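Okay, structure first, notes after.
All heavy atoms count here, side chains included; hydrogens, waters and symmetry mates do not. Remember, it's a predicted structure, so these values are computed and weren't measured experimentally.
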Amino acid sequence: MGFRGWGSDLTEKRRSQEDASRLAHYDSLTGLSNRFQMSQSLEKVLAAHRIDQRACAVFLLDLDRFKQVNDTLGHPAGDALLTQVAQRLERTVDRQGLVGRLGGDEFQVIIPGQTPRDQLAVLARNVIEQLSHPYSIDGHRVVIGASIGIALAPGDGVTSEALIRNADLALYAAKDRGRGRHHFYAADLHSDAQERRQLEQDLRDALAHGELELHYQPVVHTATEQITGFEALIRWNHPVNGPMSPAKFIPVAEDAGLIAPIGEWALRTACHQLAKWPEHVRIAVNVSALQFANPALPAIVTQALAQAQVHPSRLELEITESVFLNEDEDTEAMFAALKRVGVRLALDDFGTGYSSLGYLKKAPFDKIKIDQSFVSGATQPGSRNGAIISSIVNLAEALGMETTAEGVETFDQLDLVRMLGCSHVQGYIYARAMTPDDASAHLAAGVGAVAMGPRSARAVRQTMLRKVLVEHGGDNYNATIRNISATGALIEGLANVPPGTIFQIIVGDGQIVTGTTRWCHEDRMGVEFAYTIDLDSAGRITPPANAAAAVPRLLKTG
Ligand code: C2E
Ligand code: MG
Ligand code: MG
């Protein structure tokens, strides 16, 4: 017969219910599970009926340098970056686990089941690698990194609170050990975290009570052996643990927000010291990437110089490559602003970071400091460091920059960096960092720096007095080899030879070796061979089996 009833459209209501539930469980920016959903999923795994199904691994992941992107490029760019991170993360983890965003730049991955540690380590490394590839955000190239802490159930905890807390400690340890890495939870991390909190507090006190000091390490001009300046290096005598390395406490200061006041103090103290020293002496001060990102830096530098009344060109700021990780206008503007102040800029630890030659062209550096890791191995037989140093020197010369070889400890290394043309040397061979008074006394004595130290890290150079003939441009000269190694020789008897001059050295037995003069001082010169020669213990040279096929060494010719 028919029916009677009523109806209404529930679509909107349903949709908003779904929205509400989605909002409650998913992160609106990235679409990943949110903190609530992740914690429910973890609880579910840990409460599984069968004990053997309660095993799982928790990754806590934190982006390195995300804050810098957010601060410099703005929040919309930060959001775009997080979205891309989420996509890469999901793609990399794929079906192995559940990915969520806990908030900010913190992500979590739950991997159900018992997975061997080495397999988890592979996944963690893979995630870090994928997230570290450059991103393109609004036409900017952005590079960030990621650190991961890992805790396993049931070994590291059977409740979600314990697991998360321990993964968090592991994450902290990963960041502490230099970021861009993963770390598994271990019981001793609890005491590490406690120690770090204590260190932060002690550092705060040290700054407040004036317990930090600057010591000064001479920087020596290679050709004249005169001290051209000093690098200011911070020193802290910890009240309980004794002297502590800045390599250890500067990162703590950076994390605890203490690097700004410490950096400002260092600048003021160094300028104050400069005022007491002769005009020709400079001081270099290390500036952390966090200070460099602070728009107030040029004003802080200007003020320190003005208060001490020293000329800006006497102050050099040492910056590491990490300031280039985000290529944005702010970096360029900061360089320009510092140049307007009139200070010199040095690129510190060159070769250890994300060395890209692109920025050398744009950034107005006055000096490149070649990292000590290149110097320390350079005199070992077969090392390619010499070739690397030589090309850095050539590059710097072409760009009108000076070069300092860092960490020179032995005479061998000194000879080599001289031979390769580094304009300045800094290292224990001349002096360690010293108190301001000792540095003043050094300057007052007026003598040049005196090299003192072991002859070599390994005895590869042989001293000798061998008469040889040296041929250049059709003329023969008598000379004496004072010492020789597989890569070069110290030759006496020719004066005022321009560096770059190429010689044929007739060493007897009809052996001829080609070499290029790297430096010349009075009647002595350092010559670098065109290829690595074989020396026997008596200092005799064995010709390469096939001289034409001998591996040429990287040489600057002409
Ligand atoms: P850096 O700027 O590369 O400084 C050079 C480091 O090499 C110094 O270590 C110096 O003592 C050491 N060194 C110099 N010659 C030799 C050598 O012949 N052999 C060896 N093995 N080492 C040598 P230090 O003083 O422990 O400083 C470590 C790092 O801490 C510095 O590296 C710098 O990055 C940072 N740092 C030091 N002072 C400050 C500061 O005032 N502010 C900031 N932001 N960082 C600082
Ligand atoms: Mg430095
Ligand atoms: Mg350095």
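- Considering Leu267, Val285, Val301 in turn, Val301 is the only one that fulfils the side chain to side chain contact (heavy atoms under 4.5 Å, CB included) rule with Val343.
- Remark: aromatic rings of Phe335 and Phe292 are close, center separation under 6.0 Å.
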> Between Asp437 and Thr435, is a side chain to side chain donor-acceptor pair (under 3.5 Å) present by the stated rule, with each step listed?
Replying inline: CA-CA 5 Å; Asp437 286 348; Thr435 63; 5.5 Å; no
message = Pair Lys367, Thr404 - check side chain to side chain donor-acceptor pair (under 3.5 Å), show working.
response = CA-CA 7 Å; Lys367 174 182 267 185; Thr404 297; 3.2 Å; yes
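- Between Leu169 and His190 there is a side-chain heavy-atom pair separated by less than 4.5 Å.
- Between Trp277 and Phe230, the ring planes lie tilted relative to each other; the angle falls in the 30° to 60° range.
- One finds a salt bridge joining Arg344 and Glu402 here, because a Lys/Arg side-chain nitrogen approaches an Asp/Glu carboxylate oxygen to under 4.0 Å.
- The number of heavy-atom neighbours closer than 6.0 Å to CG of Asp188, taken from other residues, nucleotides and ligands shown, is above 12.
- One finds no salt bridge joining Asp105 and Arg65 here, because no Lys/Arg side-chain nitrogen approaches an Asp/Glu carboxylate oxygen to under 4.0 Å.
- A salt bridge links Asp71 to Lys67: at least one charged side-chain nitrogen sits closer than 4.0 Å to a carboxylate oxygen.
- His472 places a side-chain N or O within 3.5 Å of a backbone atom of Ile502 that can act as its donor or acceptor partner.
- Checking Met419, Met525, Arg482 one by one against Leu490, the side chain to side chain contact (heavy atoms under 4.5 Å, CB included) holds for a single residue, Arg482.
- Between His215 and Ala433, the closest heavy-atom pair is CB-CB, 3.9 Å.
- From Glu318, atom CD reaches atom CG of Asn286 across 4.5 Å, with rounding to the nearest 0.5 Å.
- Of the possible polar contacts, none joining the His209 side chain to the Glu211 backbone as a donor-acceptor pair under 3.5 Å is found.
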task: Could you please spell out the steps behind the side chain to side chain contact (heavy atoms under 4.5 Å, CB included) verdict for Leu494 and Val497?
output: CA-CA 7 Å; Leu494 282 80; Val497 179; 3.8 Å; yes
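- Using a 4.5 Å heavy-atom cutoff, the side chains of Pro436 and Leu214 are not in contact.
- Put simply, the side chain of Phe249 reaches to within 4.5 Å of the side chain of Leu203, judged on heavy atoms.
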message: Using side chain to side chain contact (heavy atoms under 4.5 Å, CB included), reason through Ile234 and Trp265 one step at a time and then give a plain yes or no.
response: CA-CA 10 Å; Ile234 198 163; Trp265 165 84; 3.7 Å; yes
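- A salt bridge links Glu225 and Arg418; the closest N-O separation between the charged side-chain nitrogens and carboxylate oxygens is under 4.0 Å.
- Contact annotation: the side chain of Pro251 never approaches that of Asp176 to less than 4.5 Å [non-hydrogen atoms, C-beta and beyond].
- Salt-bridge check for Arg524 with Glu492: passed, with a basic side-chain N closer than 4.0 Å to an acidic carboxylate O.
- The number of heavy atoms from other shown groups lying within 6.0 Å of NZ (Lys339) is above 12.
- In terms of modelled atom types and a separation under 3.5 Å, the side chain of Asp64 and the main chain of Gly180 share a donor-acceptor contact.
- Between the side chain of Ser383 and the backbone N or O of Gln380 there is no donor-acceptor pair closer than 3.5 Å.
- Using a 3.5 Å distance cut-off with no hydrogens or angles, the side chains of Thr410 and Asp412 do not pair a donor with an acceptor.
- With rounding to the nearest 0.5 angstrom, the CG atom of Leu420 is 10.5 Å from the CD1 atom of Ile392.
- Applying the ring-ring contact (aromatic ring centres under 6.0 Å, His included) criterion to Trp519, with sequence neighbours excluded, gives no partner residue.
- Salt bridge status for Asp255 with Arg197: absent, with no side-chain N to carboxylate O gap under 4.0 Å.
- With rounding to the nearest 0.5 Å, the separation of OG1 in Thr331 from CD1 in Ile319 is 10.5 Å.
- Smallest separation of non-hydrogen atoms from Leu131 and Ala146: CD1-CB, 4.0 Å.
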For residues 73-80, dump all side-chain donor-acceptor pairs below 3.5 Å to protein atoms at least two apart in sequence or in another chain.
none

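- From Arg181, atom CZ reaches atom CG of Leu171 across 13.0 Å, with rounding to the nearest 0.5 Å.
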Query raised in the report: When you look at Ser132 and Val143, which way does the side chain to side chain contact (heavy atoms under 4.5 Å, CB included) test go after all the steps?
Result: CA-CA 6 Å; Ser132 305; Val143 184; 5.7 Å; no
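- Annotation: the span from Thr222 atom OG1 to Arg518 atom CZ amounts to 14.0 Å, rounded to 0.5 Å.
- Using a 3.5 Å distance cut-off with no hydrogens or angles, the side chains of Ser288 and Glu254 do pair a donor with an acceptor.
- For the pair Lys369 and Asp349, the salt-bridge criterion is not met [side-chain N within less than 4.0 Å of a carboxylate O].
- At most 12 non-hydrogen atoms from other residues, nucleotides or ligands lie less than 6.0 angstrom from NE2 of His272.
- The heavy-atom pair separating Gln426 from Pro218 by the smallest distance is CG-O, 3.5 Å.
- Identified under the side chain to side chain donor-acceptor pair (under 3.5 Å) test for residues 304-315, with sequence neighbours left out: His311-Ser313.
- In this structure, CG in Asn294 is found 12.0 Å from CD1 in Ile259, a value given to the nearest 0.5 Å.
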Run Leu317 and Leu345 through side chain to side chain contact (heavy atoms under 4.5 Å, CB included) and show every step you take. CA-CA 5 Å; Leu317 303 183; Leu345 298 174; 4.0 Å; yes
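- Proximity of Leu61 to Glu106: side-chain heavy atoms (C-beta onward) are nowhere separated by under 4.5 Å.
- The existence of a salt bridge linking Arg204 and Glu200 is confirmed by a sub-4.0 Å separation between a basic side-chain nitrogen and an acidic carboxylate oxygen.
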